[in-house]
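Below is one structure, written out as structure tokens; comments come after it.
What you see is a predicted model, and the numbers here were worked out from it, not measured in a lab.
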Amino acid sequence: MSSEATTGVIAQMMTALLADNPDYFLVEIKTNSANNIKVFLDADSGVSIDKCVKYNRALYKQIEESGIFPEGDFSLEVSSPGLDEPLKLKRQYSKNTGRKVEVVLNDGSKVEGKLTGVSDTTIQVEEVKGKNKKKEVLEHTIHIDNIKTTKIQIQF
């Protein structure tokens with residue numbers, strides 16, 4: 001079975017497991033030639049370790065029983081994407097509204113600011129330039145097709 005087909009089958013299994021909990025959603029599945037499978041889940045209210053363990057065990061059992069890997073030689077990791085992973089789905093953008101983001105556009109330019117809105121085709125980012133009397137607030141409406149990556153910026 002090809003890597004894409006394997007990923008598709010695993011995605012179907014994971015989606016079925018998530019059906020009983022609409023707060024959770026599948027973000028991405030990564031596989032490599034050593035049969036290491038990484039499943040990234042997110043949730044509107046945050047991902048708990050307990051849920052990752054629960055879904056890992058259930059999915060591991062299904063993969064094992066399906067015979068996708070006849071030799072049984074695979075590893076599985078179920079986790080949340082983490083702050084170092086870029087946002088991929090509209091639902092992730094909606095969940096992170098109000099947070100500071102760095103948006104890299106397809107042309108290489110960057111926009112940093114607060115994610116203030118999300119629609120089906122665009123996001124809105126409020127950028128603050130300058131300080132005090134020279135402070136200027138710019139509203140950017142960015143078409144999703146023009147975005148290369150968007151990452152959450154951690155503030156201390």
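Residue-environment remark: NZ (Lys148) stays at or below the threshold of 12 foreign heavy atoms within 6.0 Å. Annotation: Lys88, atom NZ; neighbour count of heavy atoms from other residues, nucleotides and ligands within 6.0 Å is above 12.
At distances below 3.5 Å, at least one donor-acceptor pair connects side-chain atoms of Asn96 with backbone N or O atoms of Gln92. Listed for the Lys151 side chain is a donor-acceptor partner under 3.5 Å among the backbone atoms of Asp84.
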**OP:** Take Leu26 and Leu41 through the side-chain contact (heavy atoms from CB on, under 4.5 Å) test and state the conclusion after the steps.
**Re:** CA-CA 5 Å; Leu26 178 63; Leu41 303 178; 4.1 Å; yes
**OP:** Check step by step if side-chain contact (heavy atoms from CB on, under 4.5 Å) holds for Val78 and Tyr60.
**Re:** CA-CA 10 Å; Val78 176; Tyr60 190 95; over 6 Å; no
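Separation of atoms NZ (Lys90) and OG1 (Thr121) is listed at 9.5 Å; rounding is to 0.5 Å. Rounding to the nearest 0.5 Å gives a distance of 11.0 Å between CD of Glu112 and NZ of Lys129. Taking CD1 from Ile29 and CG from Leu59, the interatomic distance works out to 7.5 Å, rounded to the nearest 0.5 Å. Between the CG atom of Asn56 and the CD1 atom of Ile49 there is a distance of 12.5 Å, given to the nearest 0.5 Å. Rounding to the nearest 0.5 Å gives a distance of 6.5 Å between CD of Glu77 and CZ of Phe40. In this structure, Gln153 CD and Leu115 CG are separated by 12.0 Å, a value rounded to the nearest 0.5 Å.
Pairs engaging residues 131-146 under the side chain to side chain donor-acceptor pair (under 3.5 Å) rule: Glu127-His140 [sequence neighbours left out]. Residue pairs satisfying the salt bridge (charged side-chain N to carboxylate O under 4.0 Å, His left out) criterion with at least one member in residues 29-47, sequence neighbours excluded, are listed as follows: Lys30-Glu85, Asp42-Lys95, Asp44-Arg91.
At a threshold of 4.5 Å between non-hydrogen side-chain atoms, the residues Tyr93 and Ile147 count as touching. Proximity of Thr31 to Phe74: side-chain heavy atoms (C-beta onward) are nowhere separated by under 4.5 Å. A 4.5 Å side-chain heavy-atom check between Asn21 and Lys51 finds at least one atom pair inside the cut-off.
Among residues two or more places apart in sequence or in another chain, the ring pair (Phe, Tyr, Trp, His ring centres under 6.0 Å) test is passed with Tyr24 by Tyr55.
Hydrophobic clustering (ILVMFWY, side-chain heavy atoms < 4.5 Å, transitive): Met14 and Val27 are in distinct clusters. Placement of Leu18 and Val47 within a single hydrophobic cluster is found when ILVMFWY residues are connected by side-chain heavy-atom separations under 4.5 Å, directly or transitively. Side-chain heavy atoms closer than 4.5 Å link hydrophobic residues (I, L, V, M, F, W, Y) into clusters, and following such links, possibly through other members, connects Ile144 to Leu87. Both Leu83 and Val103 belong to a common hydrophobic cluster when Ile, Leu, Val, Met, Phe, Trp and Tyr are linked at side-chain heavy-atom distances under 4.5 angstrom. Linking ILVMFWY residues whenever their side-chain heavy atoms come closer than 4.5 Å, directly or via other members, places Phe69 and Val9 in the same cluster.
The two atoms that bring Ser79 and Cys52 nearest to each other are CA-SG, 3.8 Å, heavy atoms only. Residues Asn36 and Ser75 share a closest heavy-atom pair of OD1-OG, 2.6 Å. Closest non-hydrogen pair, Ser45 versus Asp23, comes out as OG-OD2, 2.5 Å.
A donor atom on one side chain and an acceptor atom on the other are not found under 3.5 Å apart for Asp50 and Ser48.
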